[in-house]
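Since the model is a prediction, treat every value here as computed from it, not as a measurement. No hydrogens, no waters, no symmetry mates; every other heavy atom, side chains included, goes into these values.
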Amino acid sequence: MSDSKSNKPEASVYRSTLNMPDTPFPMRGDLPKREPAWAKEWDEQGTYQKLRVARKGTPMFILHDGPPYANGKIHIGHAVNKILKDMIVKSRQLEGFDARYVPGWDCHGLPIENAIEKLHGRNLPRDEMQAKSRAFATEQIEQQMVDFKRLGVLGDWNNPYKTMNYANEALELRALKKVMERGFVYRGLKPVYWCFDCASSLAEFEIEYQDKQSQTLDVMFPAAEPAKLAAAFGLPQLNKQAFIVIWTTTAWTIPANQALNVNPDLEYSLVDTERGLLIVASALVEKCLARWKLEGTVVATAQGKALDHMPFKHPLAHVDKGFDRISPVYLADYATADDGTGIVHSAPAYGVDDFNSCISNGMDYKDILNPVQGNGVYAADLPMFGGQYIWKAVPVILDALKVANRLMDTTSLEHSYPHCWRHKTPVIYRAAAQWFIRMDEGEGVFTDPAQKPEKTLRQIALEAIEQTSFYPENGQDRLRAMIAGRPDWCISRQRSWGVPIPFFLHVDTGALHPRTMEIIDQAADMIEQGGIEAWSRVTTEEILGAEEAKQYTKSTDILEVWFDSGSTFWHVMRGTHNDMHHDQGPEADLYLEGHDQHRGWFHSSLLLASAIFGRAPYKGLLTHGFTVDGQGKKMSKSVGNTVAPQDVSNKMGAEIIRLWVAATDYSGDLGIDDKILARVVDGYRRIRNTLRFLLANVSDFDVTTDAVAYGDMLEIDQYALARAAQLQKEIIGHYQVYEFHPVVAKIQLFCSEDLGGFYLDVLKDRLYTSAPKSLARRSAQTALHQITHALLRWMAPFLSFTAEEAWKIFGTGETIFLEKFTDLPEGDEALLAKWTRLCEIRNVVNKDIENVRADGKLGSSLQAEITLSAQPEDLALLQSLADDLKFVFITSAANAVAGDALQTTVKVSENAKCERCWHYREDVGVNPEHPTLCGRCDSNLHGDGEVRTKA
C-alpha cells in the first residue's frame, strides 16, 4: 500500500468507528401479516388473566360492556365502540388499576327469531324455536368474537357474558321479582307502540322518527241532540243540520272513533254554510272555510266547556248499523287552535291522550274498541272494513266518508312519524293488556310494603342522573329530558325468543295467581338448570296442579329485550361475574356506547337500577358519535360508502383502525374513507420511525450498568426528560377523562417537533461520534431509554400491536400491558423555560440558514459558521451553552454577541471538513496519522474524548 493511501484512509474505515444505530424493529410494520400473531399470543398465553393477577388488590376500575347484538358480522361502528373501551381499560391498567373488561352479548330478541322463522317457518313449537335461536346466537357470537380479538381488544374472552346463558336468564327473573317487590310492576290496558312486522309492542327506545306520507281529512260528525247544541250556543233552535268537524292524519282510526275532544278555554264558532252548521275553533274559521272552499257566516260562539259531553254521531252511523253510536265531547287541553279545526277525534285504543281522556271521563276498559289486530289487519267483524290492512284501507275509508257526504276535504301531507328502528316501517299506538313498570305514583302487583321506596321511579332516576358524570357533559341534559318526559315502561312482548314472564292469570278475572312470587322463584330454578326452553315445556298442571289449572292460563309473554341488557348490572355484575362490582356505590365506573343509547341501554339500565337499588348502576356515562363517510354522509350498503373493519385489517392492519379511532374526536360523528385512512397511515409511520430511531440508539445500552444519574446528565438531556415528564402529565390527564385525540395529536407533535425536529436532530452527532461508553453518549442514551419507556406506555392503549412488538425487543417484562406509566424526572421550570426559548431561537436561525442555502451559497448547515446577536436575556441563554452552542444549531461554529435584536449572520466555513463527523474545523489533520479527522473525533477515538456539558 502506498504512503498516499495510508495517509488518506477511506471514509468507510471511519464509518465503522461510528456508533451506528441498530435494531431488529423493522421500518415496515407489515401489520396485516404480523398482528394476528400478537392477538393469538395474547389469547393463548392468557394475557388478560395475567393482568388480573398482576393488579390483584389494587383499586378496581370497571368498564361494563354494553352488549352488542349477537347477529351478523361486526361493522365499523362496532370497531369504534370496542376500541374505545379497550383504550380506556388499557390506560387505566397502566395507571395501576385492576381494570376489568368482560365482553358481553345481547342474545334474545326479534332479529334472531325472524332469522329462525325464515329458515324453519313460523309454526315451530315454542321450545324448539328457542333452542334453534340459542344455537344461531352461539354461531354469531363466535364469529364476532374472532373479529373483536383481531382488533387487538383485550378482555375476558374465555368467560364473556351472554344474556341467554341459563344463569343470566334465571337471574333476570329474580331481578323482575325484585322490581315487583318494590311496587313498580302493574298490568294495564294502554296504547303502546306496536309494530306489525314485529307483531309485538315496542319500547320508547325502539322508536325512530322518519318522514311519512299521510292523507289529512276533515270529517263531519252530526249532532245527536240539536236542541241541546242550540242551547250551548245560546240559540233558541238550529235552522239547519249541525256538525262538529275534526281534522286528522290517521284515517284508519275513524272506524274506532268513540269520542271528540275540545279545549275548555278555547272559543268555538257555529258557522252557517251550504253544507250545514259547522262547529270549529273561532281562530280557525277563515282557514277552514278557505280549505273547504266554502262561504260561511258565524251565527254564534261558545266556550269549549259549554260543549262538555255534547253528543254527536259517528260519521258513518247512517251508512251501517255497526257505526250507529254516539261520540260524546270530552274536554281536553291537548285540543288546540294551532292547526286543523281545534277539535280532535278520539280513538282511545290508538292514542295515549285519547285513552287517558276517555278513561278519565268514565269509559270502561272493556268498552274500548280495538279492531286493529297485531298484524295490522282489521278484525273480520269490523263493519265495512273488516279483513283489510289498515294502511291499504285508508283510500277505502276516504271513499266511504265521501259517499256518506261526511268528508269536507282531504290532502296529502309529509310529516315526521314514529317507525320501528328494526324494520324501518311505520308503527301505531295500539291498546293491549301489557305489563308495565310504573314511573309515577300508583300501586304495583305483589308489592312488599317494607321494600317500597318513598319516591317515585321517575324521581329516583332523575336524582341518580345528577350523581352521574357525563362525557361529553351535554349527555346529562339529554338523558334527563328523556326520563322526565317518558311514559310508563311496557316490559312485556308477545314473542318467543326471550325470558318468559312466568305468570298465571285467572281465566275470569285476569288476576295473578296468589303464589306468583313463589312461582317466579320456581321458574328461575328451572331455567337455571335447563334454560327458558325448560319453562316453555312445563304445563300449567305441573305447576298448579290439575284443579287449579282449570282456572288459570299460563302467560306466553316474554320480557322485552331491553330488560335483558338493562339488568346486566344485576345478573352479570352481581351474578355470573360477581367479582366485577364495587362493594360500595354503583356497580360500574363507566358505561360507554353510541349516543343513541341515551334512549336505549343507558336508559333501561338506569330505570332498573333505580327500581332495585335506588341509584344508577354507573358512575359515568360516555357517548360517541356514529361512523360516516368522508363527506359526513351516513353509511349505507346501497350507497356503497361503507368501510368494513375486516377489510381494513387485512389491507392496512387493525392498528390503523385503532389509530383512526384514537385520533378522531368521538364526541361527534367519526368520518372514515380511503383518504382519511391514508392520512392515518402517514401518522402511524411518523410514530413508528421515531420509535425505531429510539430503539436503534439504545440497542447497546444496559440500564443496570450504563445509566447516568439525572444530575450528571447533559443539560439538553435533562431538558428532554423534563419535557417528556411535562407531556406525560398532560397525556395521563387526557386519559383520565377519556380524551384520546389530544393524546394522539400531542404524541405525533412530540415525535415530529420535540424529538425529530429538535432533540434527536441535535443528538445524532453525540450519539454517533462520541466514544461508545462516554458520559456524553451514555447521558443521551439514558434519556432516550427513559423516553422510549414512556412513549411505549403512552401509545400502548391505542397502538397496542406496535407497542407490544417494540416491548419484545426493548422491555424486560412479558407484556407492555403489565407495566405502569413510568416515573420521569420533572426538572425545574427554569430549565423548561430556558430550552423552550432556545428552541424558538433555533427555529429563527434555521430559517436564516435556509435562506442562505436557497441562494446556493451553502450545502448542509454544518458548512455554516454563525454569529448570533441578541438582547441581554437571550444572550445569557446562548452564552450559557459555551462551546456546545454550535451543536444546538448543527453548525460547525456558533458565537453569541450583544445586539439590539435577534439576528443571525451566516458565514460559509473556510475550514476543512472532518471525514468522520462532517464538521468544518480548523483542527482537521491535527494528528498527522489521521489527517482527515478533526481534533474532537481524534480525541473520541484515540484520546480521553471530548467534554460536553450542555448539548
*Asks:* Taking Arg921 for the side chain and Val924 for the main chain, is one N or O donor matched with an acceptor at less than 3.5 Å?
*Replies:*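 Here the side-chain-to-backbone pair does not exist.
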*Asks:* Verify, without hydrogens or angle tests, whether Asp938 (side chain) and Asn927 (backbone) share a donor-acceptor contact under 3.5 angstrom.
*Replies:*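 No, because the side chain of Asp938 does not come within donor-acceptor range (under 3.5 Å) of the backbone of Asn927.
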*Asks:* Can any side-chain N or O of Arg658 pair as donor or acceptor with the backbone N or O of Phe798 at less than 3.5 Å?
*Replies:*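 Answer holds: yes.
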*Asks:* Just wondering, more than 12 heavy atoms not from Asp823 lying within 6.0 Å of its CG?
*Replies:*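 No, because the 6.0 Å sphere around CG of Asp823 holds 12 heavy atoms or fewer from other groups.
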*Asks:* State plainly whether the residues Arg92 and Glu95 are in salt-bridge range, i.e. N to O under 4.0 Å.
*Replies:*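 Yes.
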*Asks:* Is there a donor-acceptor contact under 3.5 Å linking the side chains of Thr815 and Lys50?
*Replies:*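 The answer is no; no qualifying pair exists.
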*Asks:* Please examine the side chains of Thr769 and Trp918, heavy atoms only from C-beta on, and report whether any two atoms are closer than 4.5 Å.
*Replies:*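 Of all side-chain heavy-atom pairs linking Thr769 with Trp918, none is under 4.5 Å.
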*Asks:* When you measure from the side chain of Arg688 to the backbone N and O of Pro26, does any donor-acceptor pair fall under 3.5 Å?
*Replies:*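 Yes; judged by distance alone, with no hydrogens or angles, the pair exists.
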*Asks:* Does atom NZ (Lys808) have a neighbourhood of more than 12 heavy atoms from anything else shown, all under 6.0 Å?
*Replies:*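 Check passes, neighbour count above 12.
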*Asks:* Do the side-chain N and O atoms of Gln781 and Asp700 include a donor-acceptor pair separated by under 3.5 angstrom?
*Replies:*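 Yes, because at least one side-chain N or O of Gln781 sits under 3.5 Å from a partner of the opposite role on Asp700.
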*Asks:* Above 12 or not: heavy atoms from other molecules or residues under 6.0 Å from CD of Gln903?
*Replies:*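 Atom CD in Gln903 is not packed in, count stays at 12 or less.
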*Asks:* Taking the inter-plane angle between the rings of His789 and Trp807 on a 0 to 90° scale, is it parallel (under 30°), tilted (30 to 60°) or perpendicular (over 60°)?
*Replies:*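 Rings of His789 and Trp807: perpendicular, as their planes differ by over 60°.
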*Asks:* Donor-acceptor pair, Ser779 side chain versus Ala776 backbone, under 3.5 Å?
*Replies:*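 No, the answer is negative, given that no donor and acceptor are paired below the 3.5 Å cut-off.
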*Asks:* Would you check, one step at a time, whether the test side chain to side chain contact (heavy atoms under 4.5 Å, CB included) holds for Tyr738 with Leu590?
*Replies:* CA-CA 10 Å; Tyr738 317 123; Leu590 191 70; 3.9 Å; yes
*Asks:* Taking atom types as modelled, find out whether Arg936 and His919 have a side-chain donor-acceptor pair closer than 3.5 angstrom.
*Replies:*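 The answer is yes; a qualifying pair exists.
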*Asks:* Do you see a donor-acceptor pair shorter than 3.5 Å between the side chains of Trp835 and Gln718?
*Replies:*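 Judged by distance alone, the side chains do not pair up.
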*Asks:* Under 3.5 Å, is there a donor-acceptor pair between the Tyr759 and Asp717 side chains?
*Replies:*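 Yes, side-chain donor-acceptor contact under 3.5 Å.
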*Asks:* Without hydrogens or angle criteria, can the side chains of Ser939 and Glu946 be said to hold a donor-acceptor pair below 3.5 Å?
*Replies:*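 No, Glu946 and Ser939 have no side-chain donor paired with an acceptor closer than 3.5 Å.
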*Asks:* Do you know which two heavy atoms are closest between Val906 and Val852, and how far apart they sit?
*Replies:*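 Closest approach of Val906 to Val852, heavy atoms only: CB-CG2, 3.8 Å.
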*Asks:* Looking at Thr949, is its backbone amide N or carbonyl O close enough to the side chain of Asp884 to form a donor-acceptor pair, meaning the two atoms are under 3.5 Å apart?
*Replies:*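 Looks like yes, one N/O pair under 3.5 Å.
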*Asks:* Is there side-chain contact between Tyr666 and Val661, with heavy atoms separated by less than 4.5 Å?
*Replies:*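 No. Closest side-chain heavy atoms not under 4.5 Å.
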*Asks:* Tell me whether the centres of the aromatic rings in Tyr684 and Trp660 are closer together than 6.0 Å.
*Replies:*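 Ring centres of Trp660 and Tyr684 not closer than 6.0 Å.
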